[in-house]
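Labels below follow one simple rule: chain letters A, B, ... track the order of the sequence lines, proteins then strands, and each chain is numbered from 1.
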There are 2 protein chains.
Amino acid sequence: MKELKQRSTCPVSTSLDLLGDKWTLLILRDIVFAGKSTYGQFLQSAEKIATNVLADRLAVLEAQGILTKAVAADKKSKFTYRLTEKGLDTVPIIVELLLWGAKHGPTVVAPGLLEELRAGKDAAVAKYQQLAREQALT
Amino acid sequence: MKELKQRSTCPVSTSLDLLGDKWTLLILRDIVFAGKSTYGQFLQSAEKIATNVLADRLAVLEAQGILTKAVAADKKSKFTYRLTEKGLDTVPIIVELLLWGAKHGPTVVAPGLLEELRAGKDAAVAKYQQLAREQALT
DNA sequence: TATATTTGCTTGCAAATTGCAAGTGCAAAT
DNA sequence: ATTTGCACTTGCAATTTGCAAGCAAATATA
């Protein structure tokens, strides 16, 4: 089991110990905003994560209680990754990264999403968290 | 000049291309929440960043317009790093990381800060942004 | 004026992480 | 019985990180 080393007691630092890399939050983004849940789906994202890096991150995220791994409902040879409540609590972080990137970089955002977030951030965050919770039941 | 490679047009991904590592946001945290501004001060933080990594990150952040480098007011042999408006816009990201870390990890937070953030996130963000702006004038 | 110290880096090198390509094992479909 | 799909694992090269030391210019001290 890979233990996570904590560099300090600062909460920003502690969050970055787990989330501070180029891939982890993209996996969580895929679950929340793209409704993805399987290894194969994560591999298909535009950023092209390497297979070993994906496997490593999924293992760390599961070990840290950010997501759960379960046999898929339809196929026993397939796994379904879902966010825990701790994982759902990262949605505000992802949203702020999204807003910053959309404001300062050349990006493409799903139509309506920016407006929805700007109109009411808390409500939008709650909505996407709830959607992810409901998917976990199917 | 180190060019930043963009993995996709997703705004979350674009933000992580620049901010997605273990050190960059800690430097910004030090400026916003600890009032730091010099190379030597950044080196003294609890997380102990390596000198070459710090030099590299400061160069990237300056090149990307997140911070500005200027000769210090008191000493010509000293430099002062300050946030640009683009840099100040990362404060909400840092705040969300702080809140997540404080909720889910064993951390120590300055007394009153959590209460201040929970009482009114937007107002607190605006306050710390304004404080950083004012420091830039001294 | 000479010497020491402060400040902000740079350099060299070992260790760890990442990226790429290929391969493996198991379940399910054909 | 064989092939396909899915979830990884493995090997290896390239990049990034961490650590220790060194360096150069500006300032402080003797």
Is it the case that A:Lys69 places NZ or CZ above or below the six-membered ring of A:Tyr81, under 6.0 angstrom from the centre and within 45 degrees of the axis?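 So A:Lys69 doesn't make the cation-pi contact.
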Range on DNA chain C touched by chain A, heavy atoms, distance below 4.0 Å: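 First and last nucleotides in contact are C:dT18 to C:dA28.
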Between [atom2] of [N] and [atom1] of [X], the distance in whole Å:
| X | N | atom1 | atom2 | value |
| --- | --- | --- | --- | --- |
| A:Leu67 | D:dA7 | CG | P | 14 Å |
| B:Lys76 | D:dA28 | NZ | P | 12 Å |
| A:Leu54 | D:dC8 | CG | P | 8 Å |
| A:Asn52 | D:dA13 | CG | P | 15 Å |

Any sub-3.5 Å donor-acceptor pair from A:Gln41's side-chain atoms to A:Thr38's backbone N or O?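 Yes, because the side chain of A:Gln41 sits within donor-acceptor range (under 3.5 Å) of the backbone of A:Thr38.
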Have a look at B:Ser37 and tell me which of B:Asp30, B:Thr80, B:Leu67, B:Ile31 forms a side chain to side chain contact (heavy atoms under 4.5 Å, CB included) with it.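 The passing option is B:Thr80.
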Contacts of [X] that satisfy side chain to side chain contact (heavy atoms under 4.5 Å, CB included) - sequence neighbours left out:
| X | value |
| --- | --- |
| A:Gln6 | A:Thr14, A:Asp17, B:Pro106, B:Thr107 |
| A:Lys86 | A:Ile66, A:Thr84, B:Trp100, B:His104 |
| B:Ala70 | none |

Kindly write out the residues that satisfy ring-ring contact (aromatic ring centres under 6.0 Å, His included) with A:Tyr128, not counting sequence neighbours, or none if the list is empty.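 For A:Tyr128, the residues satisfying ring-ring contact (aromatic ring centres under 6.0 Å, His included) (neighbours in sequence not counted) are A:Phe33.
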Which sits closer to the 5' end of DNA chain C, A:Thr51 or B:Lys78, going by the nucleotide each is nearest to?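 Upstream on the strand: B:Lys78.
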Ionic contact status for A:Glu85 with B:Lys103, cut-off 4.0 Å: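 No, no charged N to carboxylate O under 4.0 Å.
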Quick one: which protein N/O atoms are closer than 3.5 Å to N/O atoms of nucleotides 2-4 of chain D? Pair and distance per line, please.
none

Just to verify, what does [X] make a salt bridge (charged side-chain N to carboxylate O under 4.0 Å, His left out) with, not counting sequence neighbours?
| X | answer |
| --- | --- |
| B:Asp122 | none |
| A:Lys22 | none |
| A:Arg118 | none |
| B:Lys127 | B:Glu116 |

Using five pairs at each end of the helix from C:dT1-D:dA30 to C:dT30-D:dA1 to define an axis, what is the angle between those two axes, to 10°?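 For the helix from C:dT1-D:dA30 to C:dT30-D:dA1, the axes at opposite ends meet at about 10°.
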Between A:Arg7 and B:Leu26, is any pair of side-chain heavy atoms under 4.5 Å apart?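 They are in side-chain contact.
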Given DNA chain D, 5'-ward residue of the pair A:Phe79 and B:Ser77, judged by closest heavy atom: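 The 5'-side residue here is A:Phe79.
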Kindly state which residues belonging to residues 19-48 of chain A come within less than 4.0 angstrom of DNA chain C, counting heavy atoms of the residue only, listed by number.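 Close to the strand are A:Trp23.
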